[in-house]
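Down below is the structure, laid out as structure tokens.
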Amino acid sequence: MHIDLDYGFQSSNLVDMMRLKQFGIVLILLFPVLVIGNTIDQGSVFDPSWVSILPPIVAIILALITRQAHLALFVGIWLGSVILNGGIISGLTKTLDTYIVESITDKGHASILVFTLAFGGLIGVISANGGMKGMVKMAARYATSNKNGQLATMAMGFVIFFDDYANTLLVGNMMRPFTDTVRISREKLSYLVDSTAAPVSSLAVISTWSIFQMSLLDGPFSQFGITENPYFTFLKSIPYSFYCILTLVFMFMNILMAREFGPMLVAEKRARRTGKVLAPGAQPLSDPTIMAEGSKTGTTHWSNALVPVFLVIVVTGIGLYFTGKGALGPGSHSLREIIGEADPYATIIWSACIAGMVAILMTVTKNILSLNGAMEAWINGVRSMVMACVILVLAWTIGRICEDMRTAQFLVSISADVLSPSFLPLITFLTAAAISFSTGSSWATMSILVPVVVPMAVQLMNMEANAIVDTPIFLSTFSAILSGSVFGDHCSPISDTTILSSTASCADHIDHVRTQMPYAITVAIITMLVGYIGIGFDLSLSVILLVSIALLAALCRFYGRPVSD
């Protein structure tokens with residue numbers, strides 16, 4: 001048996017023994033957990049209590065212990081269903097025939113699944129026709145180092161700002177072949193992808209995120225007779241989205257200083273020194289070996305990949321415009337109104353499918369592959385996304401369980417007793433992070449908290465309503481909902497965007513969560529201590545941002561460790 005003493009790499013026999021041990025842990029924990037769930041009074045579910053956080057907590061702990069996210073999520077769903085339905089067997093049957101089925105048949109969820117599979121087909125074709133290799137060859141002329149590769153990945157995340165799902169799948173799949181050649185670990189790639197997607201989309205002036213956040217203010221504003229345009233309130237709140245802003249700043253510093261800490265340091269040392277971009281025993285969510293079966297073609301021109309990928313962006317933009325325009329009807333409308341009424345689910349499906357068709361057409365007409373070969377590559381690409389789709393469905397299902405068990409309401413009720421105007425932004429951030437971490441959904445968290453926290457802020461501040469919306473406390477409280485949601489999402493192994501980041505990067509999902517979490521927590525601590533507490537003590541926005549950036553720079557410089565080749 002060979003063991004690498006530098007990194008603890010183990011033989012396949014030892015890895016198999018470890019997996020057997022993990023399976024034993026699951027069996028030991030599974031039945032006691034379900035039996036305990038069966039003894040809980042169902043009435044406590046409808047009166048939110050600590051019981052409501054059991055399913056997500058069990059799922060998260062099991063995922064981190066066993067590294068089997070699919071199994072851990074299913075156990076968490078089953079436990080929740082047992083509590084809701086009062087029986088182990090009835091809980092299992094309800095899980096299979098109701099909760100999972102309803103997660104798949106939801107229009108938004110079904111659209112994301114179709115988009116994910118279709119996008120996998122597109123990546124399969126441009127991998128098989130040699131276009132992806134051509135892109136890597138072209139990029140290698142300009143970004144010849146590990147640092148430049150990371151900067152290019154981050155820059156791509158800024159370019160695709162209009163939607164986090166599109167951002168994640170495009171950037172991860174486009175950059176992965178290149179980042180592998182410059183020895184960037186899959187853990188670092190998935191961090192770069194995940195930590196640009198939601199922050200960039202949520203800070204963009206026009207995106208699916210910004211329109212959604214702004215639309216949540218309509219109800220509370222009408223309730224209190226606030227006449228200011230919700231969109232202008234959103235724009236004024238952007239500088240107070242401290243976690244999102246500081247995450248992007250931290251990433252940039254981290255790349256420029258080439259210093260890492262925590263599990264990411266180990267991952268980057270492994271990749272840089274050995275060329276192994278995945279850890280031993282890693283289980284990537286998407287399977288690049290399936291696509292590699294059809295990737296026998298040599299390098300072809302970069303346009304065979306870039307044209308279809310660029311088409312995804314163009315079709316999505318055009319689709320958002322025309323679906324929004326169609327929903328509003330005749331007449332002149334602002335871009336904000338058009339995007340607000342657009343159907344993002346339809347447009348992402350159109351973009352992935354049309355781009356896939358164009359990729360197949362280019363491949364066949366240029367005699368790179370036969371029609372049968374191109375179709376086989378597309379199907380292989382779809383197959384490579386099946387694991388990701390399974391875990392997405394399970395993540396949505398446990399979110400539905402949390403909704404039925406009123407997990408969010410319980411967490412809100414805990415924080416309601418300690419609210420005051422000065423600490424409202426901080427408590428809101430912590431509450432949003434807890435809900436997002438537990439449910440795995442930023443949008444669901446925002447949907448729950450905005451209608452609760454915004455009226456609470458208006459009542460606590462005891463001022464004229466139209467004047468309140470311009471105060472730093474109100475703007476930072478609204479932004480704290482967004483920032484806390486993104487932070488919880490970044491740390492949660494059951495988050496759909498975190499899952500998609502692992503998928504697009506072909507990274508082990510638990511490795512991605514484990515390496516990203518210390519970085520996310522670091523930024524969140526500074527966000528809370530300097531940002532939201534600072535707002536409560538009337539510090540100016542410029543002072544808060546300068547101090548926060550200085551602390552991040554000092555932390556990178558003195559706590560981080562250089563990663564040498």
Side-chain angles (χ1 to χ4, degrees), residues 56 106 108-109 112 161-165 167 194 197-223 230-231 233-238 240-245 247 336 339-340 344-345 395-396 399-400 402-403 406-413 415-416 419 424-458 469 474-492 494-498 520 524 527 532:
D106 175 88
H109 294 169
I112 292 168
F161 62 85
F162 49 82
D163 182 75
D164 59 326
Y165 289 132
N167 184 310
D194 200 0
V200 167
S201 296
S202 64
L203 295 173
V205 173
I206 290 290
S207 72
T208 53
W209 273 68
S210 61
I211 299 301
F212 175 73
Q213 294 167 70
M214 176 269 300
S215 67
L216 293 174
L217 288 172
D218 287 336
F221 276 24
S222 298
Q223 178 185 347
Y231 185 60
T233 301
F234 163 72
L235 292 178
K236 286 186 284 189
S237 74
I238 289 176
Y240 297 90
S241 294
F242 298 126
Y243 176 79
C244 297
I245 293 170
T247 292
R336 179 189 66 79
I339 299 297
Y345 296 122
W396 291 327
R400 165 68 189 279
C402 291
E403 181 182 338
R406 304 176 68 189
T407 303
Q409 286 81 347
F410 169 66
L411 294 171
V412 170
S413 68
S415 63
L419 288 176
L424 188 58
L426 174 64
I427 300 300
T428 300
F429 178 84
L430 289 169
T431 304
I435 294 173
S436 182
F437 181 79
S438 301
T439 62
S441 174
S442 297
W443 283 35
T445 302
M446 290 186 283
S447 299
I448 292 162
L449 283 185
V450 170
V452 173
V453 172
V454 169
M456 195 178 297
V458 173
V469 296
F474 180 87
L475 293 172
S476 60
T477 298
F478 176 62
S479 290
I481 298 173
L482 163 69
S483 282
S485 298
V486 175
F487 167 54
D489 198 76
H490 279 167
C491 293
S492 177
I494 62 176
S495 158
D496 52 2
T497 48
T498 304
T527 293
Y532 292 123

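Here the structure is a predicted model, which is why all the values come from computation and not from measurement.
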Rounded to the nearest 0.5 Å, what separates atom [atom1] in [X] from atom [atom2] in [Y]?
X      : Y      : atom1 : atom2 : answer
Phe474 : Ser479 : CZ    : OG    : 9.5 Å
Thr477 : Leu482 : OG1   : CG    : 13.0 Å
Leu203 : Ser237 : CG    : OG    : 9.0 Å
Cys491 : Phe437 : SG    : CZ    : 7.0 Å
Ser442 : Ile481 : OG    : CD1   : 12.5 Å
Asp489 : Asp194 : CG    : CG    : 7.0 Å

Ring geometry between Tyr532 and Phe429 (parallel below 30°, tilted from 30 to 60°, perpendicular above 60°):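 The rings of Phe429 and Tyr532 sit tilted, inter-plane angle from 30° to 60°.
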Hey, what's the ring geometry for His490 with Tyr243, parallel, tilted or perpendicular (30° and 60° as the breaks)? tilted
Test ring-ring contact (aromatic ring centres under 6.0 Å, His included) applied to Tyr240 - qualifying residues, sequence neighbours left out: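 For Tyr240 there are no ring-ring contact (aromatic ring centres under 6.0 Å, His included) partners, ignoring immediate neighbours.
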Residue list, ring-ring contact (aromatic ring centres under 6.0 Å, His included) with Phe478, at least two apart or on another chain: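 Scan of Phe478 (ring-ring contact (aromatic ring centres under 6.0 Å, His included), adjacent residues dropped) gives none.
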Backbone N/O of Ala432 and side chain of Ser436: donor-acceptor pair under 3.5 Å: no
Please confirm whether the backbone N or O of Ile435 pairs with a side-chain atom of Ser438, one donor and one acceptor, at under 3.5 Å?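 Not a single qualifying donor-acceptor pair exists.
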Are the side chains of Ser492 and Thr498 in contact, using a 4.5 Å heavy-atom criterion? no
Taking all non-hydrogen atoms of both residues, which atom of Pro425 and which atom of Ser476 are closest, and how far apart?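 Taking Pro425 first and Ser476 second, the nearest heavy atoms are CG-OG, 3.4 Å.
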Which heavy atom of Ala520 sits nearest to which heavy atom of Phe487, and what is that distance? O-CE1, 3.5 Å
